[in-house]
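Here is the structure we will look at.
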Amino acid sequence: MENEILAIQYLENKEKALAERAEIDLELKPALAEADQDKSAAGKQASEALKASIDLKEVAFQETVDRMTPIFSAFFPVLQTLGATKDNPYHIFYHEKDYGFYIDDNKNIHYK
């Protein structure tokens with residue numbers, strides 16, 4: 001049960017971090033680049049608002065990553081002990097989906 005809890009915590013935080021990073025990189029930064037092109041007062045105001053939003057989102061992203069560190073530190077040795085590889089992952093069933101966790105050659109945790 002403890003292993004499943006670690007897997008779920010890792011999965012939820014990783015998914016949250018990926019969503020936060022995508023919002024920053026794929027939505028906010030392109031919008032900022034567009035706003036920076038608008039030299040009007042409204043464009044400058046939009047640019048400043050987007051910069052502030054990006055700064056807040058970056059802080060939230062870093063907090064999520066920081067929460068993942070102790071989870072990673074606890075879950076990694078579990079996966080090592082279980083011998084979890086891409087071909088033989090550690091499986092959990094969560095929210096009606098099967099997830100397989102494994103360690104890659106670079107000592108990163110992945111799931112599929």
Side-chain angles (χ1 to χ4, degrees):
M1 187 62 156
E2 174 74 21
N3 295 348
E4 287 182 13
I5 292 169
L6 287 171
I8 291 167
Q9 289 174 334
Y10 184 83
L11 173 69
E12 288 178 343
N13 280 282
K14 179 73 172 194
E15 289 293 316
K16 182 177 181 184
L18 290 171
E20 289 170 342
R21 187 83 257 154
E23 181 182 8
I24 293 165
D25 293 342
L26 303 176
E27 295 175 28
L28 295 174
K29 286 185 177 180
L32 176 60
E34 188 175 313
D36 283 345
Q37 297 300 315
D38 182 353
K39 301 301 180 192
S40 69
K44 289 180 183 178
Q45 185 178 18
S47 180
E48 290 303 315
L50 284 164
K51 285 177 187 174
S53 181
I54 289 170
D55 288 346
L56 288 172
K57 298 286 183 176
E58 288 285 1
V59 169
F61 170 75
Q62 190 56 53
E63 288 172 353
T64 301
V65 170
D66 290 346
R67 278 193 303 277
M68 287 182 67
T69 301
I71 298 166
F72 179 92
S73 296
F75 193 38
F76 187 87
V78 169
L79 294 175
Q80 278 185 314
T81 301
L82 296 171
T85 64
K86 188 173 186 175
D87 295 329
N88 184 31
Y90 168 67
H91 286 275
I92 66 163
F93 192 73
Y94 183 63
H95 287 285
E96 300 182 12
K97 186 173 178 186
D98 183 43
Y99 293 93
F101 293 84
Y102 62 94
I103 300 171
D104 69 9
D105 294 338
N106 295 319
K107 307 224 182 283
N108 295 309
I109 298 174
H110 294 279
Y111 54 91
K112 53 183 179 175

(request) Using the test side chain to side chain contact (heavy atoms under 4.5 Å, CB included), find all partners of Glu34 that sit at least two apart in sequence or belong to another chain. (result) none
(message) Between Val65 and Leu28, is there shared hydrophobic-cluster membership here, with clusters defined by ILVMFWY side-chain heavy atoms closer than 4.5 Å?
(response) yes
(message) Checking Asn106 now: which residues fulfil side chain to side chain donor-acceptor pair (under 3.5 Å) with it, not counting sequence neighbours?
(response) none
Got a list of side-chain donor-acceptor pairs under 3.5 Å for residues 72-87, not counting sequence neighbours?
from  : atom 1 : to    : atom 2 : distance (Å)
Ser73 : OG     : Thr69 : O      : 3.0
Thr81 : OG1    : Pro77 : O      : 2.8
Thr85 : OG1    : Asp87 : N      : 3.4
Thr85 : OG1    : Asn88 : N      : 3.0

(request) Return the set of residues passing side chain to side chain donor-acceptor pair (under 3.5 Å) with Glu58 (not counting sequence neighbours), or none when no residue passes. (result) Arg21
(message) Holding to side chain to side chain contact (heavy atoms under 4.5 Å, CB included), I want the full list of residues that pass it with Asp105, two or more places apart in sequence or in another chain.
(response) none
Which pairs of donor and acceptor atoms, one on a side chain in residues 92-102, lie under 3.5 Å apart (sequence neighbours left out)?
from  : atom 1 : to    : atom 2 : distance (Å)
Tyr94 : OH     : Glu12 : OE2    : 2.2
Asp98 : OD1    : His91 : ND1    : 3.3
Asp98 : OD2    : His91 : ND1    : 3.0

(message) If the condition is side chain to side chain contact (heavy atoms under 4.5 Å, CB included), which residues does Asp38 pass it with, not counting sequence neighbours?
(response) Ser40
Show the atom names and distances, to 0.1 Å, of all donor-acceptor pairs under 3.5 Å that link a side chain in residues 2-10 to residues at least two apart or in another chain.
from  : atom 1 : to     : atom 2 : distance (Å)
Tyr10 : OH     : Ile109 : O      : 3.3

(request) List the atom of Ala60, the atom of Glu20, and the distance in Å for their closest heavy-atom pair. (result) O-OE1, 3.6 Å
Tell me which donor-acceptor pairs under 3.5 Å the side chains of residues 42-57 have, and how far apart each pair is, sequence neighbours excluded?
from  : atom 1 : to    : atom 2 : distance (Å)
Ser47 : OG     : Asp36 : OD1    : 2.4
Lys57 : NZ     : Glu23 : OE1    : 3.4
Lys57 : NZ     : Glu23 : OE2    : 3.4

